Amino acid sequence: MSSSPLLSNARLPALIVALGSALALAAALTFQYGFGYLPCSLCHDQRYAHLAALVLAVTALAVPKRVGRPMLFLSGLALLAGAGLAGYHVGIEQDWWQGPSGCTTAALDSARSTEEIRDALLATPVVRCDEVAWSLFGLSMAGYNFLLSLGLAAVALIGPRLAKRNA
């Protein structure tokens with residue numbers, strides 16, 4: 001008999017990872033487009049880990065378990081990478097180490113001439129990675145992303161084993 005009915009469902013970890021990453025992406029986009037908090041380049045890069053984890057977790061839900069488990073494992077690795085990037089970002093915000101020199105939003109990809117490049121530079125808002133744009137209870141968005149990514153990685157990497165043991 002299962003000690004935890006929630007863990008007896010082998011697909012529950014994939015569902016948790018998919019929902020968690022989808023909520024993280026929705027929150028990031030809401031902060032950006034709803035409240036005007038432009039992401040720095042590190043904030044923007046952290047979204048890719050959640051996007052990869054979301055796609056892999058949804059795929060894990062849609063395929064047979066023998067194929068889904070490796071997909072969920074890969075989503076856990078993506079989330080660990082995202083947690084590492086978020087932790088690095090927190091360290092930059094706290095002045096524990098130096099950040100990258102080009103930590104601004106990229107808007108020069110479409111510029112063709114020197115004048116277009118100058119105009120794009122003047123119109124591009126500089127978003128610094130070492131400045132906390134928003135925080136709650138002393139944690140920045142990068143700090144919350146670190147905790148969420150680490151927690152979701154644990155669900156993705158350990159959850160299937162717990163579900164299998166409790167089945």
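Just so we're clear, the structure is a prediction, and the values are computed from it rather than from any experiment. Heavy-atom basis, side chains included; hydrogens, waters and symmetry copies ignored.
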Next item on the list: Could you list the residues that satisfy side-chain contact (heavy atoms from CB on, under 4.5 Å) with Leu74, not counting sequence neighbours?
Entry: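 With sequence neighbours excluded, Leu74 shows a side-chain contact (heavy atoms from CB on, under 4.5 Å) to Leu56, Leu77, given in chain and number order.
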Check: In this structure, which one of Ile158, Val155, Leu157, Leu152 forms a side-chain contact (heavy atoms from CB on, under 4.5 Å) with Pro13?
Finding: Val155
Indicate the atoms forming the closest heavy-atom contact of [X] with [Y], along with that distance.
X      : Y      : result
Ser75  : Ala57  : CB-N, 4.4 Å
Gly143 : Leu139 : CA-CD2, 4.4 Å
Val58  : Ala18  : CG2-CB, 4.1 Å
Phe137 : Tyr144 : CD1-OH, 3.7 Å
Ala142 : Ala86  : O-CB, 3.6 Å

Any heavy-atom pair between the side chains of [Y] and [X] that's under 4.5 Å?
X     : Y      : result
His89 : Ser140 : no
Leu23 : Leu148 : no
Arg47 : Pro39  : yes
Ser21 : Leu79  : yes

Rounded at 0.5 Å granularity, tell me how far [atom1] in [X] sits from [atom2] in [Y].
X     : Y     : atom1 : atom2 : value
Tyr88 : Gln46 : OH    : CD    : 11.5 Å
Leu42 : Ile92 : CG    : CD1   : 5.0 Å
Gln32 : Cys43 : CD    : SG    : 9.5 Å
Phe31 : Leu38 : CZ    : CG    : 13.5 Å
Arg11 : Leu72 : CZ    : CG    : 10.5 Å

Can you hop from [X] to [Y] via hydrophobic side chains spaced under 4.5 Å?
X      : Y     : value
Leu80  : Met71 : yes
Leu61  : Leu19 : yes
Phe146 : Tyr37 : yes

Notebook entry, point to check: Distance-only, no hydrogens or angles: does the Arg69 side chain make a donor-acceptor pair with backbone N or O of Ala60 under 3.5 Å?
Noted result: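 Judged by distance alone, no pair lies under 3.5 Å.
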Item checked: Trp96 side chain vs Val90 backbone, donor-acceptor pair below 3.5 Å ->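 Here the side-chain-to-backbone pair does not exist.
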Check: What pairs of residues pass the ring-ring contact (aromatic ring centres under 6.0 Å, His included) test when at least one of them lies in residues 45-75, not counting sequence neighbours?
Finding: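 Passing the test, one end in residues 45-75: His44-Tyr48.
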